[in-house]
Amino acid sequence: MFSFFKNTKSSQEVITKDLLEERLIESDIEYDIVEKILDSTNGKIKRSELEVNLLRFLNKESFYDTLSLRQITTKPLIYLIIGVNGAGKTTTIAKLGNIYKKQNKKVIFGAGDTFRAAASSQLCAWGERLDIPCVSSKFGADPSSVAFDTINAAKARDMDIALIDTAGRLDNKINLKNELIKISNTCSKTLNGAEFYKILVLDGTQGTQAISQAKVFNESLNIDGIIITKMDGTSKGGSLISIMSTLRLPILYVGIGEGKDDFIPFDLDWYMKNLLDYIFSQD
Ligand SMILES: Nc1nc2c(ncn2[C@@H]2O[C@H](COP(=O)(O)OP(=O)(O)OP(=O)(O)O)[C@@H](O)[C@H]2O)c(=O)[nH]1
Ligand SMILES: [Mg+2]
């Protein structure tokens, strides 16, 4: 099975236009970008030429280089973590908590997913393993009240960072959107209007579906940055090109497994190498 993270197939330097089209589509690059790449190709293409073409979409040295998380310096610093169910939100919170702990920051978790019965205990179990306190409430409680309690606990306990989990599924999508807007407004009010981060977690194996999710969440919530999970799985990685070029949102980290350390900061050179290894791999 192909893994974006660990491709063991050997690579070729030149491929035909037909194979290029096949591989670009398979790697989940949006078709309008595929068409533009094919338009500038006659017969065969070299790896180095494709790399230049792809980087053109990211407009490196102009907008890509300016894609970074905006600076917020308030204390406590709040991260509201959102995304559809199963994307990897709760695991990602554990991984982020682990990183910040290693930086000697004081971290607290907020178990804001009160919709799924086991969700709070899943996050609080990570908290126990990582020695991070976890604010939770009972199943079915108002998630906004968990956000409120978490922020107030963070203030009272002089925490540096609070990571707040949210539900990925409610009875319907409109309710999910409205609930997330309500939680976000509660965070803002509890912080007396101070800014906080809204981070979207996307499942890397979802391909182009991940882009439409990102658009919907971004329209209603103004996302600050994205974390892509499961890049160790069947992800072909091409959707990240669209996330960067269409949504113009910074990709912060990439999840490469289920453990607390299976997490790396996103790096464009690493990404390009893996994507090109896939496109130019031998059958
Ligand atoms: N292979 C792999 N698995 C991951 C990664 N991140 C999360 N997972 C797994 O994906 C599954 C879902 O992860 P969760 O963190 O529970 O996802 P969630 O978004 O919180 O899901 P809900 O709470 O149901 O909305 C779990 O089995 C995780 O172990 C990753 O980077 N790689
Ligand atoms: Mg969860």
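Everything quoted here is computed from the prediction, not taken from an experiment. We number each residue from 1, following the sequence as shown. For ligands, and for the atoms within them, numbers begin at 1 and follow the listed sequence.
Leu123 and Ile151 are assigned to two separate hydrophobic clusters, defined by single-linkage of ILVMFWY side chains at heavy-atom distances under 4.5 Å.
Neither the backbone nor the side chain of Asp165 has any atom closer than 4.0 Å to an atom of ligand 1 (non-hydrogen atoms only). Contact annotation: for Thr91 versus ligand 1, heavy atoms closer than 4.0 Å belong to both the backbone and the side chain.
Short contacts between ligand 1 and Ile256, defined as distances under 4.0 Å to a heavy atom of the residue, involve ligand atoms 31 (O). The distance from ligand 1 to the heavy atoms of Asp113 drops below 4.0 Å at these ligand atoms: 23 (O). Interface atoms of ligand 1 facing Ala87, defined by a heavy-atom separation under 4.0 Å, are 19 (O). Atoms of ligand 1 found under 4.0 Å from any heavy atom of Gly168, numbered from 1 in the order shown, are 25 (O).
When atom types are taken as modelled, the side chain of Asp113 and the backbone of Asp165 share no donor-acceptor pair closer than 3.5 angstrom.
The Mg ion (ligand 2) does not have Asn85 among its coordinating residues (no N/O/S atom, backbone or side chain, under 2.8 Å).
Counting heavy atoms of neighbouring residues, nucleotides and ligands inside a 6.0 Å radius, atom NZ of Lys46 does not exceed 12 of them.
The option with the heavy atom closest to atom 5 (C) of ligand 1, from among Gly83, Gly255, Gly257, is Gly257. Of the candidates Glu258, Lys230, Met231, it is Lys230 that places a heavy atom closest to atom 10 (O) of ligand 1.
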>> Evaluate Ile132 against Trp126 for side-chain contact (heavy atoms from CB on, under 4.5 Å), listing each step before the verdict.
In response: CA-CA 8 Å; Ile132 292 175; Trp126 273 113; over 6 Å; no

>> Apply side chain to side chain donor-acceptor pair (under 3.5 Å) to residues Ser239 and Asp28 and explain how you reach the verdict.
In response: CA-CA 5 Å; Ser239 54; Asp28 281 325; 5.5 Å; no

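Within the structure, ligand 1 has Gly86 among the residues with a heavy atom less than 4.0 angstrom away.
Among all non-hydrogen protein atoms, the one lying nearest atom 16 (O) of ligand 1 is Gln122 NE2, 3.0 Å. Asp232 OD2, 2.7 Å is the protein heavy atom nearest to atom 1 (N) of ligand 1. From the protein, the heavy atom lying nearest to atom 24 (O) of ligand 1 is Arg116 NE, 3.3 Å.
No donor-acceptor contact under 3.5 angstrom links the side chains of Thr16 and Asp18, judged on distance only. Judged purely by distance below 3.5 Å, without hydrogens or angles, the side chains of Gln122 and Arg116 pair a donor atom with an acceptor atom.
The aromatic ring centres of Phe266 and Tyr253 sit 6.0 Å or more apart. Residues Tyr79 and Tyr100 bring their aromatic ring centres within 6.0 Å.
Annotation: Lys89 places an N or O atom under 3.5 Å from an N or O atom of ligand 1; distance criterion only.
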